[in-house]
S.K.: 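Quick one: structure below, then a few questions.
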Amino acid sequence: MSFRFISLFVLSLLILTAPVFIFAEGAEEAKPAEVIATTAWTGAFAELAGIEDYTVLAPYELQHPPEHTLSPGEIAAISRAEVIIYAGYEVMLERLKASTAADVRLVQIKTVNTPAVIAESVKAIAAVRGDREIAEENLARLDQFFREWREELAPYSALPVIVHFHMRPMAEALGLNIVDVFGPAPLEAAQLKRLSESGAVLIIDNWHSDIGAPLPELLPEAVRAEWINFPGKDQTRSIEDVLRYNRREVSALLP
């Protein structure tokens with residue numbers, strides 16, 4: 001038997017018995033989804049708590065993120081989660097909970113953009129995952145932002161304001177003079193009549209539902225600002241982005 005034949009025979013055995021690794025072109029190893037936030041809003045609270053890497057389920061582009069339903073890919077990500085942060089009003093919630101592992105940490109928070117509620121929710125997240133020291137620093141910075149915004153609005157605190165139901169807490173935290181509230185349901189004839197008699201000079205609407213569009217016609221002396229709660233619009237990503245956006249909306253309208 002020739003040396004060449006023996007070499008080929010040994011080489012064939014090595015090829016047959018060696019482990020086989022197949023690499024698909026462009027394929028990447030799936031990144032574990034350790035922390036999941038249902039929407040950009042719950043995600044922004046997670047970021048304030050010191051969590052840098054998290055997955056947001058509802059796309060930022062949605063005008064009303066709570067209506068987002070889960071895709072098969074998102075369900076796969078949920079199965080790899082260690083912590084899931086949610087608010088409780090999401091359409092996806094029942095399916096989300098059914099897709100989680102038994103040992104996943106479910107953290108329900110309140111989503112209201114006022115200093116007190118932001119602090120409560122951020123501390124709840126930081127107690128489970130995040131960094132309490134970073135959370136405290138972020139909360140102190142937000143408190144300073146609110147103080148400066150309240151001071152800016154102080155000269156207008158006597159002006160009558162009507163505000164969307166979901167924006168009322170933030171407007172109250174800023175010391176605005178709220179004379180009436182509308183929504184969250186679509187406006188009916190009796191409500192439109194009442195609001196038209198409010199004497200309001202500022203209308204604060206909710207961009208995510210936008211039900212106050214008819215009000216400027218009923219209140220020709222009033223100006224209308226559209227606030228946001230969920231990050232996403234105009235590339236907003238954080239709670240600070242949301243607050244700055246809303247501040248600009250009002251500042252541009254006041255004399």
Side-chain angles (χ1 to χ4, degrees), residues 31-58 60 65-66 77-78 80-90 93 96 100 103-154 157 163 166-176 204 206 208 227-251:
K31 183 179 179 180
E34 295 183 356
V35 178
I36 282 182
T38 51
T39 66
W41 203 358
T42 55
F45 276 73
E47 187 173 339
L48 285 176
I51 300 175
E52 296 182 355
D53 297 321
Y54 56 91
T55 299
V56 174
L57 296 177
Y60 283 91
I78 291 167
R80 300 193 304 272
E82 295 177 5
V83 176
I84 296 178
I85 303 166
Y86 70 101
Y89 47 70
E90 300 90 340
L93 192 56
L96 180 147
T100 59
D103 58 346
V104 70
R105 296 293 300 273
L106 294 171
V107 183
Q108 183 174 9
I109 62 170
K110 297 176 183 177
T111 51
V112 179
N113 290 333
T114 62
V117 177
I118 291 172
E120 178 185 349
S121 294
V122 167
K123 289 175 183 178
I125 296 170
V128 175
R129 172 71 72 89
D131 188 308
R132 297 187 185 188
E133 184 175 341
I134 292 175
E136 291 293 346
E137 292 173 359
N138 290 335
L139 292 173
R141 190 172 63 252
L142 282 180
D143 281 344
Q144 179 62 28
F145 181 93
F146 269 101
R147 281 195 295 272
E148 293 173 357
W149 194 3
R150 279 194 295 266
E151 290 173 5
E152 179 182 303
L153 292 174
S157 60
V163 61
H166 287 307
M167 299 303 174
R168 180 177 187 169
M170 185 160 39
E172 288 177 336
L174 293 167
L176 295 176
I204 298 178
N206 179 358
H208 303 290
W227 278 0
I228 59 175
N229 275 326
F230 296 83
K233 188 177 189 300
D234 292 356
Q235 300 303 308
T236 51
R237 289 295 181 267
S238 66
I239 296 295
E240 289 172 286
D241 288 344
V242 166
L243 297 177
R244 282 192 290 264
Y245 177 96
N246 293 341
R247 187 175 181 176
R248 288 194 301 269
E249 276 283 297
V250 171
S251 298

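If you read the sequence from its start, that first residue is 1, and numbering goes on from there. Below, all heavy atoms of this structure are taken into account, side chains as well, without hydrogens, waters or symmetry copies.
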S.K.: Could you tell me which residues satisfy side chain to side chain donor-acceptor pair (under 3.5 Å) with Ser251, sequence neighbours excluded, listed by chain and number?
M.R.: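 By the side chain to side chain donor-acceptor pair (under 3.5 Å) rule, Ser251 matches Glu152.
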S.K.: Kindly indicate whether the side chain of Leu48, heavy atoms from C-beta on, has any atom under 4.5 Å from the side chain of Leu142.
M.R.: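 Sidechains of Leu142 and Leu48: in contact.
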S.K.: For residues Ala126 and Ala135, report the shortest heavy-atom separation together with the two atoms involved.
M.R.: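 For Ala126 versus Ala135, the nearest heavy atoms are CB-CB, 4.2 Å.
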S.K.: Starting at CZ of Arg129, measure out to CD of Glu82 and round the result to the nearest 0.5 Å.
M.R.: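 If we round to the nearest 0.5 Å, Arg129:CZ and Glu82:CD are 5.0 Å apart.
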S.K.: What pair of heavy atoms forms the shortest contact from Ala171 to Val163, and how long is it?
M.R.: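 Closest approach of Ala171 to Val163, heavy atoms only: CB-CG2, 4.2 Å.
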S.K.: Does the plane of the ring in Phe230 sit parallel, tilted or perpendicular to the ring in Trp41? Use 30° and 60° as the thresholds.
M.R.: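 Perpendicular, since the angle between the ring planes exceeds 60°.
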S.K.: Please indicate whether Arg105 has more than 12 foreign heavy atoms, meaning atoms of other residues, nucleotides or ligands, lying under 6.0 Å from its CZ.
M.R.: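 Counting neighbours around CZ of Arg105, 12 or fewer heavy atoms of other residues, nucleotides or ligands fall under 6.0 Å, so no.
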S.K.: Could you check whether any side-chain heavy atom of Lys123 comes within less than 4.5 Å of a side-chain heavy atom of Glu136, counting everything from C-beta outward?
M.R.: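 SC-SC contact between Lys123 and Glu136 confirmed.
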S.K.: Specify the closest pair of heavy atoms between Pro231 and Tyr60, including all atoms of both residues, with the distance to one decimal.
M.R.: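 That closest heavy-atom pairing would be O-CD2, 4.0 Å.
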S.K.: Can you find a pair of side-chain heavy atoms, one from Asn229 and one from Thr111, that are under 4.5 Å apart?
M.R.: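 SC-SC contact between Asn229 and Thr111 ruled out.
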S.K.: So does Tyr86 get a backbone contact from the side chain of Thr42, meaning a donor-acceptor N/O pair under 3.5 Å?
M.R.: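 Checked: no pair found.
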S.K.: What distance do Asp241 atom CG and Asn246 atom CG have between them, rounded to the nearest 0.5 Å?
M.R.: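 Reported to 0.5 Å precision, the distance equals 11.0 Å.
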S.K.: Should the heavy atoms of other residues, nucleotides or ligands under 6.0 Å from NZ of Lys233 be counted, would the total exceed 12?
M.R.: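 Check passes, neighbour count above 12.
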S.K.: For a quick check under 3.5 Å, do Gln144 and Arg147 share a side-chain donor-acceptor pair by atom type?
M.R.: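 Gln144 vs Arg147: donor-acceptor pair found between side chains.
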S.K.: Is any side-chain heavy atom of His208 closer than 4.5 Å to a side-chain heavy atom of His166?
M.R.: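 They are not in side-chain contact.
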S.K.: Determine the minimum heavy-atom distance between Ala81 and Ile36, stating which atoms define it.
M.R.: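 Closest approach of Ala81 to Ile36: CB-CD1, 3.9 Å.
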S.K.: Can you find a pair of side-chain heavy atoms, one from Val250 and one from Trp227, that are under 4.5 Å apart?
M.R.: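 Touching, per the 4.5 Å side-chain cut-off.
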S.K.: Just so I know, are the side chains of Tyr54 and Val83 near enough to count as touching, which here means a heavy-atom distance under 4.5 Å?
M.R.: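 The answer is no, as the side chains (C-beta and beyond) never meet within the 4.5 Å cut-off.
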S.K.: Side-chain contact, heavy-atom cut-off 4.5 Å: Leu176 with Ile204?
M.R.: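 They are in side-chain contact.
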S.K.: Crowded around Arg150 CZ? As in, over 12 foreign heavy atoms under 6.0 Å?
M.R.: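 Yes, the 6.0 Å shell around CZ holds more than 12 heavy atoms from other groups.
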S.K.: Is Val122 close to Asn138 at the side-chain level, that is, under 4.5 Å between some pair of heavy atoms?
M.R.: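 No - every pair of side-chain heavy atoms lies 4.5 Å or more apart.
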S.K.: Identify the two heavy atoms, one from Val56 and one from Ala40, that lie closest to each other, and give their separation to 0.1 Å.
M.R.: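 Nearest pair, atom of Val56 first, then Ala40: CG1-N, 3.5 Å.
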S.K.: Which atom pair, heavy atoms only, marks the closest approach of Ile125 to Ala49?
M.R.: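 Residues Ile125 and Ala49, closest heavy atoms: CG2-CB, 3.6 Å.
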S.K.: Short question: side chain of Glu172, backbone of Met170 - any donor-acceptor pair under 3.5 Å?
M.R.: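 Such a contact is absent between Glu172 side chain and Met170 backbone.
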S.K.: Out of curiosity, Leu243 CG to Arg248 CZ, how far, rounded to the nearest 0.5 Å?
M.R.: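 Answer for the CG-CZ pair, Leu243 versus Arg248, is 11.0 Å.
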S.K.: CG of Leu93 to CG of Leu106: how many Å apart, nearest 0.5 Å?
M.R.: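 So the gap between those two atoms works out to 8.5 Å.
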S.K.: Rounded to the nearest 0.5 Å, how far apart are CD1 of Ile51 and CG of Asp131?
M.R.: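 Spacing of CD1 (Ile51) from CG (Asp131) equals 10.0 Å.
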S.K.: I'd like to know if Glu47 pairs up with Arg237 as an ion pair, taking the criterion as any Lys NZ or Arg NE/NH1/NH2 lying under 4.0 Å from an Asp or Glu carboxylate oxygen.
M.R.: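 Salt bridge between Glu47 and Arg237, a charged N being under 4.0 Å from a carboxylate O: no.
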S.K.: Take Ile85 and Phe45 through the side-chain contact (heavy atoms from CB on, under 4.5 Å) test and state the conclusion after the steps.
M.R.: CA-CA 9 Å; Ile85 303 166; Phe45 276 73; 5.7 Å; no
S.K.: As an exercise, state the distance from CD1 of Ile109 to CD of Glu120, rounded to the nearest 0.5 Å.
M.R.: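 Answer rounded to 0.5 Å: 10.0 Å.
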